[in-house]
Every structure is written in C-alpha cells, then in structure tokens.
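All remarks here apply to the structure that follows.
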Amino acid sequence: MPVEEFVAGWISGALGLVLGHPFDTVKVRLQTQTTYRGIVDCMVKIYRHESLLGFFKGMSFPIASIALVNSVLFGVYSNSLLALTATSHQERRTQPPSYTHVFIAGCTGGFLQAYFLAPFDLIKVRLQNQTEPRGQLGGPPPRYRGPMHCAASIFQKEGPRGLFRGAWALTLRDTPTLGIYFVTYEVLCRQYTPEGQNPSSATVLVAGGFAGIASWVTATPLDVIKSRMQMDGLKRRAYQGVLDCMVSSVRQEGPGVFFRGVTINSARAFPVNAVTFLSYEYLLRWG
Ligand SMILES: C[N+](C)(C)CCCC[C@H](N)C(=O)O
C-alpha cells in the first residue's frame, strides 16, 4: 500500500487547518448561537471579549488528529482508485480514471474518515462554543478546561457513545460531499492541463480552492445539523435525531437555516483546500 499518500495527506491537511481555523470558529458560532448578527459582528465580539486567542479555541485537537483524519481520507481515496482502476498516483496522469471512479473513491474516503473525525470534531465544536475569555480571574470558569478535560467529561457524563454525538450527521455530510470534492478537483485540473502532464501549481491551487468551495457549499445544510447535534444534550436533549433536528430547525428559523455559515465556509474553503492540494501534490512528486 502506498504509504507516502497517507503522509502527504497528513502534512497538507495540517497546513490548511491552521490557516482556516479562525474562519471555522466564526462559522461554528454562527451556526449554533443566536447572539451574533453576522460575520463581522461575530468577529468583532470574539476579538473584544476573547482577544485574538478566541479565534484559535479548539485548534489543538484538530491539529493532532488531522494526521489520522486526512491520511485516512487521502490514503483511502488513492488506494480505492488503485483498486478500481489498477493505476498508481503517478500512472493516473497518463491514464486518468473515470469521474465515476473518482466519485466512488472520494465517497469511500469520506465515509471512512468520518468515523475518525467524529470525536475530534465534537470536542472542537464544544470548545469553539465556549465564549469565556481565557485566563480571566473573577468571571465564571468555562465548562471545559481544555481538549483532554472536554473529552474526559463527555466520556463521564455521556458515556463512550457521547463522544460520537453527531457522528451520523457527519457521515451523511461527508460521504457524498467528498466525492464531489475529488471530482471537482479532477475536472478542473484536467481542463487546464495538457494531456499526460502534471498540473501546474497555479492550476492545483485554483482547482483545490474550488473543490473546497463546491464541497463545502453542498455540505453546509448537514454541517449546520451536525454542529447542532454536537451541541445538543449539554443542558437537556432538544433533538431526537438528525431528521428531528432538521425539522425543528426549519420550523423555528425557516429554510435559510440550512445555509448558515455558507459564506464564511466558502471563504475558508478556498485557501485551506488550495494549500491542502498543493502540498499533497508536491509531497507525492518528491516522495
Ligand atoms: C466534506 N467537507 C466539505 C466537509 C470537507 C471537505 C474539505 C476538507 C478539508 N480538510 C477542509 O477542512 O476544508
């Protein structure tokens, strides 16, 4: 099994992640809290109350886990293509796989990575939603003191299954949309690359950026539901399941609720995924 694809997936994911985390925090807050009027209002409030550090809440776990999650995604994707088309990463430039195969391999990667991602994503979302400023004396202490404390208290209060709260919504979000992710990337790369050649850096950046946007725009409705399911159960259980969460969110807030955070998601997705694909391609070429 080509191991370097897993390594390339990890490093490229970590680079993208640091870049996009501040956007991600704003997105999560807009999706799950009603105190903010919009992107700018949310940014200003985070900065005033929590300083620049507020934007980086919940980042350490994703960085530690991206190794696992992105290497599963890219490794399973590439190895599924190998199984489907019997071509290695290098050979695929001269013998490109069909888009159907790319889609199936992307969905497979997306499906499997969701299970690895679920507990880390849950902890990230819970920490991002803590609005208390760090290290301030006198104010009420936050519920979770850090990622390990958060994991331990979820485990204690909600059991091992508590760590997988929202995992089903996450799987539904990621399976088709990671198929879309890789198909968009391949379509754009092939469009702008002469046959048999490697795509240029500019092409990889643009194709990666748009792949991120296409994937996130289609993922946003279930992203909102996922985040809400993950925040559920802190005080009392509000939702019975994914469908119930969808229905009551629409009832209370109208269909627009499914696009909460779509602008900020797309703004984040372009640079994050441009960098992810560029480093992935380069690491594999050197490797
Ligand atoms: C499928 N979904 C849209 C959720 C993610 C697609 C891109 C994944 C990338 N690590 C990122 O964080 O942007």
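As the structure is a computational prediction, the values presented were derived from the model and not from experiment. Order of listing sets the numbers, starting from 1, for every ligand and every atom in it.
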Sub-3.5 Å N/O-N/O distance, [X] and ligand 1:
X: Trp216; answer: yes
X: Asn273; answer: yes
X: Arg268; answer: yes

Atom pair CG/CD of Leu170 and Gln230 - distance to nearest 0.5 Å
7.0 Å
Within the 4.0 Å heavy-atom shell around Leu178, which atoms of ligand 1 are there?
1 (C), 6 (C)
Hey, which atoms in ligand 1 end up nearer than 4.0 Å to a heavy atom of Arg173?
4 (C)
Just need the protein heavy atom nearest to atom 4 (C) of ligand 1, so name the residue and atom and give the distance.
Asp174 OD1, 3.2 Å
Give the residue, atom name and distance (to 0.1 Å) of the protein heavy atom nearest atom 3 (C) of ligand 1.
Ser215 OG, 3.0 Å
Flag the pair Phe74 / Phe277 as yes when their ring centroid distance falls below 6.0 Å, and as no otherwise.
yes
Ring centres under 6.0 Å, that's the criterion: do Phe23 and Phe55 meet it?
no
Partner of Gln128 by side chain to side chain contact (heavy atoms under 4.5 Å, CB included), out of Met59, Lys27, Met231, His21
His21
Would one find more than 12 heavy atoms of other residues, nucleotides or ligands at under 6.0 Å from atom CD of Gln240?
no
Considering only heavy atoms, does Ala219 approach ligand 1 within less than 4.0 Å through its side chain, its backbone, both, or neither?
side chain
Between Ser249 and Arg228, does any side-chain donor sit less than 3.5 Å from a side-chain acceptor?
yes
